[in-house]
Amino acid sequence: MFRTHNNGELNLKYLNKQVRLCGWVHSTRDHGGLIFIDLRDRYGITQIVFNPQLDKALHNEAQLLRNEFVIMVEGEVKQRPKGTENPKIPTGEIEVIAKSLKVLNSSLTPPFEISETTEPTEELRLKYRYLDLRRYPSAEKIFFRHRVIKCIRDFLDKDGFVEVETPFLTKSTPEGARDYLVPSRLNPGKFFALPQSPQLFKQLLMVAGFERYYQIAKCFRDEDLRADRQPEFTQLDIEMSFIDEEDIFRLIEELVVNLLGQTLNIEIKKPFLKITYQDAINRYGTDKPDTRFDIEIVDLTNELKDSELKIFRECVGSGGRIKAIFTPSPEKFSNSDIDELIEISRQSGAAGLTYFKLHKEEIFSPIKKYVPQEKFKELRKKYFPNKDTLCLIIADKGEIPSIALGLMRLKVAQKLNLINNEAFNFLWVTEFPLFSFNKEENRIESEHHPFTSPQDEDIANLENDPLSIRSKAYDLVLNGMEIASGSIRIHNNKLQKRIFKLIGLSEEEAQKRFGFLLEAFLYGAPPHGGIAFGLDRLIAILSKCDTIRSVIAFPKTQKAICPLTSAPSEVDERQLKELNIKIRE
Ligand code: ASP
């Protein structure tokens, strides 16, 4: 037997017991001839004492120990002398007086200290991830991930869901990214695509009559790694038959409430708020509103369209709108803060930004000459009663004012510390448009994916006015981040063909790429729908990590490489030949 106990479990109950422990040398100290070793394993740290007066030879051996050596120690549990206890750890009242020592393996000096307090650079941590994961703060995130996934599995299992694995070597499943391709040696010139999601297979499982499917599924998307993305990532993927949107909302709310209760002991109220896509854009300027603070976008077109300011009149005259947000604490905004906000408005395409400050009944505004003072007070009375305010105003076309103000509301909230970081604000965004217009390619494309059902009452208009069609797609947003996304699907062959046609797939191409799905729909496909969570992101948010890399055991960098294994790497000429592949210069 390697060990009788682990390093986190011994306490005064075990006094005078003979024990055998294994682990890594966390630290060594020499105090007045006694050698103290902190012995570490996954469970904790136990203090081992080597006393030269009890065994000189053993003490000499202990002197050779270095950090990260792997050892086995036998000894007796003793109470630590008064004043030397460590109340911070569960084993802090005892120590083990060593009687024998075996070095199971030595270690080079690690490139960084294995400790909770020092934080090496990420580059180094990823290259030596196996050492980084010896550090409790890093390992704990992976253990937490395990608890989250276990909790989800238990919940869905109880609710009759079946976990099914779907293929990695498959055909393209479009989710808006590039595919990772895998050449087929046995079929020269042909390629598999790694799945961007299990979308088509989960739909086929519904045709197969499984009714309730889930999978903790690896997905692969070859994207430019903007923001916090990974080329391979994990979804919690769900699909159900004979359901509508409300059934999905109910299931997911229960799952999420249960998850936060069990893993974080946090109580969340059901049902979650819902907002349509169009409302979200109008009120928050984004399809993922952060509702942890109150500022909302308001439409001042009617109130300001007749003012003397030419830009306002012209903007409204050509179909634009005048929109604004009212923020508290106008005195906290210097001119350079306002310049920064103007810069943000420019980046989102707005021609300009204007504002007024109402502070202690005094008005400051670049448009003071054109708008009567009473107007400012009247607006404040209506939208921000009885308080000092900075009102930021944008007049522009289409959704530009909303989108620009949406970014500003976030900026302002951060600056004024309006965001409650402890809150978990869940929000459903519904009725996404079915299509959007891809300007670069000058064509219509699916907003979610082409398997999403239109709203029933919009189907008649599909071909006439595709960009006005609302879909049965929904997102779950948490604190301004999209954490899950799904839809009720098309289950009718003819409707699916119409959609393919609208996004520019010829009948022939639709058949080539998705013929198997179209055919399956001819064999009694039930109405169905589902959703998928970005599981890495969800776990990162729950464990308050800045990046999803922290909750992935072996993540890739922003450049999509693995610093530990140096993947991707060149391959042998022989391998390429077998695959019939030539590298172009
Ligand atoms: N397959 C979709 C995605 O990856 C999720 C869904 O529609 O269920 O976003």
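One is the number of the first residue; the rest follow in order along the sequence. Keep in mind that this is a model prediction, so the values were computed, not measured. Start at 1 and go down the list; that is how both ligands and their atoms are numbered.
- Judged by distance alone, with hydrogens and angles left aside, the side-chain atoms of Q235 form no donor-acceptor pair with the main-chain N or O of F533 at under 3.5 Å.
- The aromatic rings of Y130 and Y128 lie perpendicular to each other, with more than 60° between the two planes, well past the 30° mark.
- Within the model, atoms NZ of K556 and OG1 of T565 stand 7.0 Å from one another, a figure rounded to the nearest 0.5 Å.
- Minimum interatomic distance between Y284 and I275 (heavy atoms only, all atoms of both residues): CE1-CD1, 3.7 Å.
- Residues L427 and P289 approach most closely at CD2-CG, 3.7 Å, considering heavy atoms.
- Contacts of ligand 1 (protein heavy-atom distance under 4.0 Å) are E175, S197, Q199, K202, R221, Q235, H448, H449, S485, G486, R489, G530, I531, A532.
- Under the 30°/60° scheme for interplanar angles, the aromatic rings of F514 and F500 are found to lie parallel.
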